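Only heavy atoms go into these numbers, but all of them, side chains included; no hydrogens, no water, no symmetry mates. Keep in mind the model is a prediction, meaning the values are calculated, not measured.
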Amino acid sequence: MSTLRELLQAYVGDGSVPGAVGLVARGDDVDVQAVGDVDVEGSAPMARDSIFRIASISKPVTAAAVMMLVDDGALAPDEPVDAWLPELAKPMVVRTPASPVDDVVPAVRPITVADLLSSRAGWGFPSDFSLPQVQALFEVQKDGREPQAYPTPDAWVADLARLPLLYQPGEAWLYGTSSDLQGVLIARVTGRPLPEFLAERIFEPLGMKDTAFEVPAGKRDRFTSSYRKARGGGLELADSPDGQWSSVPAFPSGGGGLVSTADDWLAFARLLLADGTADGRRLLSPASVREMTTNHLTPAQRDIGALFMEGQGWGYGAQVDIERTDPWNVPGRYGWTGGTGTTAHIVPSTGTVTVLLTQVAMESPTPTPLMRDFWRRTADATQ
């Protein structure tokens, strides 16, 4: 089997990615490989501390922040969210998932904090994107890889509230929207901007010095360019270091707005592996960590999201493996992928952390060949 470095070099060599950073940690044994360059021009070599748009591997961080508020007593999982998100009070639901958006019935119960945490609020993406309500949602739930395209949180929630739910609250797992709602919920409960709360409660205590919703000018020499596959082959620029993340957006996305480094995400992962403690300081209760890393879905709910989860479950903010369908699937493995080309997981049973950061966007919810090969290469460490 190839080494981690050889694996990454093969994908850089064939032009799939300009560069990559791969990390595998088991206890104090940490293997980090930085390969290739920060952009297609080769202006600087990739480094261990290169900064990436981490997209949806932001979601576990946001969920952890919500659970901190649960630990504080500011929220309870079974509480309706409409005390803080009044726009979501008394939502309507399409009569069936295939119904037109104007064929609606009342929700049978309020949306709760736990519904947001488990992505079962009723808004979000199922496997079938052709449904009328889902098509309408695309107008509100825009591409998270362009954070400056979003309106303010208040305007975004108001736009979302005009759409009926696709399923009754708690009935179905639907991707994406709930994590952004979690970010708005945090800001309203605390009366503070989401970036400020995350910095104080998570980033600063964990030493995540490069994780934020923007990259200041002094760090942009370490910020990778972002790419997507071009129609005619090759790569085309999606965002430069001076682009979408050069300032804090009006809407800091709890679902995918962070930039980070491999070591910063490792610090967050170690918090979860240590049952919520870091350097002798408790940031999360063990009960909250267990809730985050435990599957909350029924088999039927997993089927609704099969395109995304490929047979696995969902905790709070990330996937939880429950079946050994591939060599890398270990029951209890917790983590996710990011649309900008990132993936990160923890395996509590072995204390393993794996992080892969690239700067080429995924073309669909299906993990890329590089992601799958990375998981396959690191499977021995996670068993």
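A donor-acceptor pair under 3.5 Å links the side-chain atoms of Ser58 to the main chain of Leu258, judged by distance alone. Judged by distance alone, with hydrogens and angles left aside, the side-chain atoms of Gln148 form a donor-acceptor pair with the main-chain N or O of Gln244 at under 3.5 Å. Remark: side-chain polar atoms of Gln135 are paired, donor with acceptor, to backbone N or O of Phe129 under 3.5 angstrom. Trp314 contributes no side-chain N or O that, together with a main-chain N or O of His296, makes up a donor-acceptor pair within less than 3.5 Å. Checking side-chain atoms of Gln133 against main-chain N and O of Pro164 turns up a donor-acceptor pair under 3.5 Å. For the pair Glu79 (side chain) and Ala76 (backbone), a donor-acceptor distance under 3.5 Å is present. Put simply, the side chain of Asn329 gets close to the backbone of Asp326: a donor and an acceptor are under 3.5 Å apart. The backbone N or O of Ala306 lies less than 3.5 Å from a partner atom in the side chain of Ser127, making a donor-acceptor pair. Under the 3.5 Å distance criterion, the side-chain polar atoms of Asp39 are matched with a main-chain donor or acceptor of Gly42. Panel note: side chain Tyr167, backbone Arg120; no donor-acceptor pair is recorded below 3.5 Å.
Between His345 and Trp328, the gap from one ring centroid to the other reaches at least 6.0 Å.
Legend: residues meeting side chain to side chain contact (heavy atoms under 4.5 Å, CB included) with Ser260, ordered by chain and number and at least two apart, are Ile54, Thr211, Asp264. By the salt bridge (Lys or Arg N to Asp or Glu O under 4.0 Å) test, Glu204 is found to be paired with no residue, residues two or more places apart in sequence or in another chain being considered. For Trp84, there are no side chain to side chain donor-acceptor pair (under 3.5 Å) partners, not counting sequence neighbours. With sequence neighbours excluded, the residues that form a side chain to side chain donor-acceptor pair (under 3.5 Å) with Ser130 are Asp128. Looking at residues two or more places apart in sequence or on another chain, you find a side chain to side chain donor-acceptor pair (under 3.5 Å) between Glu310 and Arg372.
For the residue pair Ser16 / Asp14, a side-chain donor-acceptor distance below 3.5 Å is found, with atom types taken as modelled. Thr177 and Asp180 are not linked by any side-chain donor-acceptor pair at a separation below 3.5 angstrom, with hydrogens and angles left out of the test. Using a 3.5 Å distance cut-off with no hydrogens or angles, the side chains of Tyr11 and Thr358 do not pair a donor with an acceptor.
By the 4.0 Å N-to-carboxylate-O rule, Arg201 lies too far from Asp71 to be salt-bridged with it. Ion pairing between a basic and an acidic side chain is recognised when a charged N comes within 4.0 Å of a carboxylate O; Lys209 and Asp263 show no such pairing. Using a cutoff of 4.0 Å between basic side-chain nitrogens and carboxylate oxygens, Glu323 and Arg302 are scored as salt-bridged. Here Asp159 does not pair with Lys142 in a salt bridge; the nearest charged N to carboxylate O distance is not below 4.0 Å. Here Arg228 pairs with Glu236 in a salt bridge; the nearest charged N to carboxylate O distance falls below 4.0 Å.
Relative ring orientation between Phe308 and Trp173 is described as perpendicular, the plane-to-plane angle rising above 60° on a 0-90° scale split at 30° and 60°.
Side chains of Leu88 and Leu181 form a contact here, defined as non-hydrogen atoms less than 4.5 Å apart.
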Are Thr325 and Gln312 close enough, and set up right, to give a side-chain hydrogen bond (donor to acceptor under 3.5 Å, both in side chains), and what steps lead you there?
CA-CA 9 Å; Thr325 55; Gln312 305 304 325; 3.1 Å; yes
Salt bridge (charged side-chain N to carboxylate O under 4.0 Å, His left out), that's the test. Do Asp279 and Arg281 meet it? Break it down for me.
CA-CA 6 Å; Asp279 296 325; Arg281 178 181 176 185; over 6 Å; no
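Hydrophobic side-chain contacts under 4.5 Å tie Val259 into a cluster, directly or through other members, with Ile51, Val215, Phe223, Trp245.
The only option from Asp49, Asp242, Asp210 that meets the salt bridge (Lys or Arg N to Asp or Glu O under 4.0 Å) definition with Lys219 turns out to be Asp210.
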